[in-house]
Enquirer: 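Take this structure first; my questions come after.
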Amino acid sequence: MSRRPASSGQRSTSAGNSARLLSLVTAGEMTIIVLILCRLFVPAEGVEQGNTLWIACSWLVLGAVCLWMKARSGTGLSVSFGVADGAVGLLIGGQLISAACVLLGTGDKRAALNCLWEWLSLGVTWGLLKGVIHKTTFQRLLTSVLLISVIALSVLGLWQHVVWYPQQSRDLTDLFRLHDARISGQTLSASEQARLNTLRSQWGSDVLMMEEGGRQMLLARTRDSREPIGRFALANTFAALLLLGWFLSADLLRQLISSRQNRMRLLFGIVAFGLVTICLLLTKSRTAVVGLILSIGLLVLKFVLQPGPYRKTFLRWGGGGIAAVILLGIAVTLFGGLDREVLSEAPKSLEYRMEYWKATVQMILDHPIWGVGPGNFRQHYYAYKLPGASEEILDPHNMVLESWATGGILSFAGLILLVIPWGLRGWFSPLLPDDANPPSEEKEASTDGLFPAAVLIGMGTFTLILMEEWLFEGFFDQSLCGIAAGWMAILFFGFRKIFPLFQFSFPASLAAATAILIHLLGAGGFGMPAVLQLILILILMTTLPHPAFLTIPPQGVMVGSVLLAGMFVGGIWTGLVPVVSSQSLIEQARQESMTYHSAYDAMSRLNRATQTDDLSATPYRDLAQLHFAQWQTQFQDASDLFQLGVEALQQAIARDPRSPKDYRSLSEWWQKRYERTQNRDDAIAALQAAQRAVELYPNDSRMQRQLAIAAQIADEPAIAQQASRTALQLDDINRQRGHVDKFLTESQRQELLKIQGE
């Protein structure tokens, strides 16, 4: 039966034995919480690029150390197994097998390998949490620091809405203006050059390498949208965390009122709840709000159908929660935080998602067993993207479809077996009195030791992230220092006296998990460990532990420790070191080429990057672009430079073989070569590359336009006319739907009409 496992019969009630509970919160348990929090303060969307590999490797080495210590103790390891364990094994195993298929076959092997280490780390996370999640002290400490983190990030989100977005819009506008002026040969003043250098350092080189449509889209986002994103890159990802924070803060407020706390504690609870609610509404995440309302409705229904001494209490709190969301929503709207488009654009948003899902279903039908592999969804999605679909998405915005598309049928089966039995047990099991009653005042002294542990956890989390950024990424994050200061302030001045009183109740944790799962049925994020770990935590918290059925002897435990240590070394050797080293060299090369216009130094760094990370296509792409740019500056043919560029781009294609944009670039380069040489072989090469680009991405107007041009110079009029007709049709659809970043220019449209003979 699924219910809150830490019942009164399982808790220690002796104040004398638990006067100093800090001794019961071991260093290993605090490290587990530190690694959980680390994922909340770094961009969760950088999994495929390897930006969070350091956290994955940390989980692997922590698992190895814990098993080693267990083996050294000589007691062996008691193992329990239930449906949830098997489901998690299938879910993760499917992703690992699919990643192995990419590594042994074709696809973006760097992304697949990065994701493989991340999925392995989630398995370790599940195993370590199973051993400690049912300890009352651990559970209170974990949920308390999670709430503190969400409150701190909510404050950050409000600052982003009011201050950060307008500043970002101004900075981006200046960056593009000054960079384009510099590229065009204009002379910048000393102050303008200093401003450009500052903005380059702040934004990096990726934004400057965007196409014009991508630039316009980014500018429009910062100018017209002000959705808080916390430390993530997308508002929907942040909304998943805020959903957990909403139920944590609501449950805290309920307990504070029910136990008749003093005004200062009650004021803190009200402020915390208000901050999280307002920030959640400002994300404008429709799927998150739907998940919130439906989960509250299910909670109210559960108490209607299941009588008990606390039935009226939760009915009242369920209605109060909905009323609070509505009232705060009205207030946010009146102050301009929300607008009519949040509701009026909902049908369009649903229509877009239906397009994503239709394309993904077709992808699944073509790859039903093993899927396309983690980190490889977008490359395959290009071929299935419907005409007029809004985005080149990284995931299908539906966790069920994503699990099958990327991890095959095993991963899909694991997700279903994990969620459905848990949901049925949780929502239909009877509640016990301890599930809803707030902790009593007599527990205040018994849990006083949790506060020093929370201080150490906060210090450890932010120190670890700052060290990673300084050592691996080469910068000192001042903004994170401000967040750390705010986190500590909330802990010291707001939560210090509330620690002994707060325990996340079973109904609230059940509703929180349900809300996040509903949210993920319409939003991306399932494949991000930062989001998935929240689901795993809540499922473990709301499921009774199974009795041990097997005890592994110390020798077997030591073997497990060695295996995890080997995985850690593998993650460092094949993931973290090459990714970090290559990314550093690539960024240095981009700075060399854009800031100092030193192509030789940039090429040297990129060549080193290709040797450092031979699985990544990125350094080869940059190297190809540099060679081609050098070739364009030559008045003569300079075939050697051109050939070097083509060879580098072909190396990139070999490492990311389903990238249509690489083939389009290759076609454009052969077209430029033909314009110089008038050699038909060059025209044929341009046509062949363009045909492959269209094969990989048929419903893109830019791909079709390039095919039309390449076919024309190759003297293939039938192909040219068909491609130009398709390109114009796709552009008309994009214009009807307002996809500004995909518009063809007027001159490009006229060029296509001329090919058609109009």
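Positions are given from 1 along the sequence. All values reported here derive from a predicted model rather than from experimental measurement.
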Enquirer: T574 and W117: side-chain donor and acceptor closer than 3.5 Å?
Expert: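 Side-chain D/A pair, T574 to W117: present.
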Enquirer: If only atom types and distance count, is the side chain of Q139 paired as donor or acceptor with the main-chain N or O of I133 below 3.5 Å?
Expert: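 Yes, because the side chain of Q139 sits within donor-acceptor range (under 3.5 Å) of the backbone of I133.
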Enquirer: Search all heavy atoms of A233 against all heavy atoms of E45 and return the closest pair with its distance.
Expert: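 For A233 and E45, the tightest heavy-atom pair comes out as N-OE1, 2.9 Å.
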Enquirer: What's the verdict on side chain to side chain contact (heavy atoms under 4.5 Å, CB included) for K130 and S80, showing C-alpha distance, side-chain angles and the deciding distance?
Expert: CA-CA 9 Å; K130 272 190 62 180; S80 62; 3.2 Å; yes
Enquirer: May I ask you to decide if S505's main-chain N or O and D251's side chain share a donor-acceptor pair within less than 3.5 Å?
Expert: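 Flag set: sc D251 to bb S505 pair under 3.5 Å.
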Enquirer: Measure the OG-CD1 distance between S98 and I409 for me, rounded to the nearest 0.5 Å.
Expert: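 If we round to the nearest 0.5 Å, S98:OG and I409:CD1 are 11.0 Å apart.
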Enquirer: Taking the side chain from H519 and the backbone from N236, do they hold a donor-acceptor pair closer than 3.5 Å?
Expert: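 Checking the backbone N and O of N236 against the side chain of H519, a donor-acceptor pair under 3.5 Å is found.
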Enquirer: Within the 4.5 Å heavy-atom criterion, are C66 and L128 side-chain neighbours or not?
Expert: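 Yes, close enough: below the 4.5 Å cut-off.
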Enquirer: Quick one: OG1 on T31 to CG on L464, what's the gap to the nearest 0.5 Å?
Expert: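 Interatomic distance, T31 OG1 to L464 CG, rounded to 0.5 Å: 9.5 Å.
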Enquirer: Checking K70 against S561: is there a side-chain donor and acceptor pair closer than 3.5 Å?
Expert: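 No, K70 and S561 have no side-chain donor paired with an acceptor closer than 3.5 Å.
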Enquirer: Would you say the ring centroid of F451 lies under 6.0 angstrom from that of F492?
Expert: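 When the ring centroids of F451 and F492 are compared, they turn out to be within the sub-6.0 Å range.
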Enquirer: Indicate yes or no: does E29 engage R140 in a salt bridge with an N to O separation below 4.0 Å.
Expert: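 No, E29 and R140 are not salt-bridged.
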Enquirer: Just wondering, do L450 and F502 contact through their side chains at under 4.5 Å, heavy atoms?
Expert: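 Heavy-atom side-chain distance check fails, nothing below 4.5 Å.
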Enquirer: Would you confirm whether E402, through its side chain, and G524, through its main-chain N or O, come within 3.5 Å as a donor-acceptor pair?
Expert: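 Side chain of E402 to backbone of G524, a donor-acceptor pair under 3.5 Å: no, none is there.
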Enquirer: Name the residue from L142, L141, T136 that meets the side-chain contact (heavy atoms from CB on, under 4.5 Å) definition with F138.
Expert: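 Going through the options one by one, the only one that passes is L142.
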Enquirer: If we only count heavy atoms from C-beta on, is the F568 to S58 side-chain gap below 4.5 Å?
Expert: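 No, every pair of side-chain atoms sits at 4.5 Å or beyond.
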Enquirer: Check the angle between the aromatic planes of F526 and W119 and answer parallel, tilted or perpendicular using the 30° and 60° thresholds.
Expert: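 Ring orientation, 0 to 90° scale: tilted.
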Enquirer: Give a yes or no on whether the backbone of L292 and the side-chain of S295 come within a donor-acceptor separation of less than 3.5 Å.
Expert: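 Yes, because the side chain of S295 sits within donor-acceptor range (under 3.5 Å) of the backbone of L292.
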Enquirer: One pair to check against salt bridge (charged side-chain N to carboxylate O under 4.0 Å, His left out): E469 and R231. What are the steps and the verdict?
Expert: CA-CA 14 Å; E469 291 177 340; R231 292 282 290 180; 3.4 Å; yes
Enquirer: Could you walk me through whether W422 and T542 pass the side chain to side chain donor-acceptor pair (under 3.5 Å) check?
Expert: CA-CA 8 Å; W422 164 82; T542 51; 2.7 Å; yes
Enquirer: Where do I36 and L129 land on the side chain to side chain contact (heavy atoms under 4.5 Å, CB included) test, with the steps shown first?
Expert: CA-CA 10 Å; I36 289 172; L129 281 172; 4.0 Å; yes
Enquirer: What do the steps show when you test E48 against N114 for side chain to side chain contact (heavy atoms under 4.5 Å, CB included), and what is the final call?
Expert: CA-CA 6 Å; E48 296 170 6; N114 291 344; 5.9 Å; no
Enquirer: Does some side-chain heavy atom of K302 sit less than 4.5 Å from a side-chain heavy atom of P507?
Expert: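 Result no, sub-4.5 Å side-chain heavy-atom pair not found.
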Enquirer: Are the side chains of L146 and F504 in touch, meaning some heavy atoms are under 4.5 Å apart?
Expert: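 No, every pair of side-chain atoms sits at 4.5 Å or beyond.
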Enquirer: Please confirm whether the backbone N or O of L280 pairs with a side-chain atom of T283, one donor and one acceptor, at under 3.5 Å?
Expert: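 Such a contact is found between T283 side chain and L280 backbone.
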Enquirer: What closest approach, in Å, do Q95 and S403 show between heavy atoms, and which atom pair accounts for it?
Expert: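 Smallest heavy-atom distance, with atoms named: NE2-O, 3.7 Å.
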Enquirer: Is the closest side-chain heavy-atom distance between L415 and M399 below 4.5 Å?
Expert: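 Counting from C-beta outward, L415 and M399 do come under 4.5 Å.
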Enquirer: Are any side-chain N or O atoms of S509 and backbone N or O atoms of F506, one a donor and one an acceptor, separated by less than 3.5 Å?
Expert: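 It does hold such a pair.
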Enquirer: Taking atom CE of M567 and atom CD1 of I572, what is their separation to the nearest 0.5 Å?
Expert: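 Answer rounded to 0.5 Å: 14.5 Å.
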Enquirer: Between W246 and F273, does the ring centroid distance fall short of 6.0 Å?
Expert: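 Yes.
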Enquirer: Could you report the tightest heavy-atom contact between I229 and F238, atom names first, then the distance?
Expert: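 Answer, listing the atom of I229 first, then F238: C-CD2, 3.5 Å.
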Enquirer: Rounded to the nearest 0.5 Å, how far does SG of C57 lie from CH2 of W573?
Expert: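 The SG atom of C57 is 13.5 Å from CH2 of W573, to the nearest 0.5 Å.
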Enquirer: Please examine the side chains of I516 and L520, heavy atoms only from C-beta on, and report whether any two atoms are closer than 4.5 Å.
Expert: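 Yes, at least one pair of side-chain atoms sits under 4.5 Å.
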Enquirer: Examine distances only and state if a side-chain atom of N398 and a backbone atom of L521 form a donor-acceptor pair shorter than 3.5 Å.
Expert: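 Yes; judged by distance alone, with no hydrogens or angles, the pair exists.
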Enquirer: Does some side-chain heavy atom of W126 sit less than 4.5 Å from a side-chain heavy atom of L91?
Expert: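 They are not in side-chain contact.
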Enquirer: Could you check whether atom CZ of F81 has more than 12 heavy atoms from other residues, nucleotides or ligands sitting under 6.0 Å from it?
Expert: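 More than 12 within 6.0 Å, yes.
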Enquirer: Indicate the atoms forming the closest heavy-atom contact of I416 with P421, along with that distance.
Expert: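 For I416 versus P421, the nearest heavy atoms are O-CD, 3.5 Å.
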Enquirer: Scan side-chain atoms only and decide if T52 and E118 contain a donor-acceptor pair under the 3.5 Å cut-off.
Expert: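 T52 vs E118: donor-acceptor pair found between side chains.
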Enquirer: Kindly determine whether W427 and T514 satisfy side chain to side chain donor-acceptor pair (under 3.5 Å), including the steps that lead there.
Expert: CA-CA 10 Å; W427 286 107; T514 303; 3.1 Å; yes
Enquirer: When you look at W487 and S149, which way does the side chain to side chain contact (heavy atoms under 4.5 Å, CB included) test go after all the steps?
Expert: CA-CA 7 Å; W487 197 97; S149 299; 3.0 Å; yes
Enquirer: Could you verify whether a donor N or O on one side chain and an acceptor N or O on the other, from T125 and Q533, lie under 3.5 Å apart?
Expert: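 Checked: T125/Q533 side chains show no N/O donor-acceptor pair below 3.5 Å.
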Enquirer: Between atom OG1 of T143 and atom CG of L252, what is the distance when rounded to the nearest 0.5 Å?
Expert: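 Taking OG1 in T143 and CG in L252, the distance rounds to 10.0 Å.
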Enquirer: Quick one: pull up CD1 in I457 and CZ in F462 and give me the separation to the nearest 0.5 Å.
Expert: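 If I round to the nearest 0.5 Å, the distance is 11.5 Å.
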Enquirer: Heavy atoms only: give me the nearest A112-A99 pair and the separation to one decimal.
Expert: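 So the minimum-distance heavy-atom pair works out to O-CB, 3.8 Å.
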Enquirer: Looking at V531 and A240, what are the two nearest heavy atoms and their distance?
Expert: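 Smallest interatomic distance, heavy atoms only, reads CG1-CB, 4.2 Å.
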Enquirer: Could you note down all residue pairs passing side-chain hydrogen bond (donor to acceptor under 3.5 Å, both in side chains) where residues 546-559 supplies at least one of them, sequence neighbours left out?
Expert: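 Counting only pairs at least two positions apart or across chains, no side-chain hydrogen bond (donor to acceptor under 3.5 Å, both in side chains) contact touches residues 546-559.
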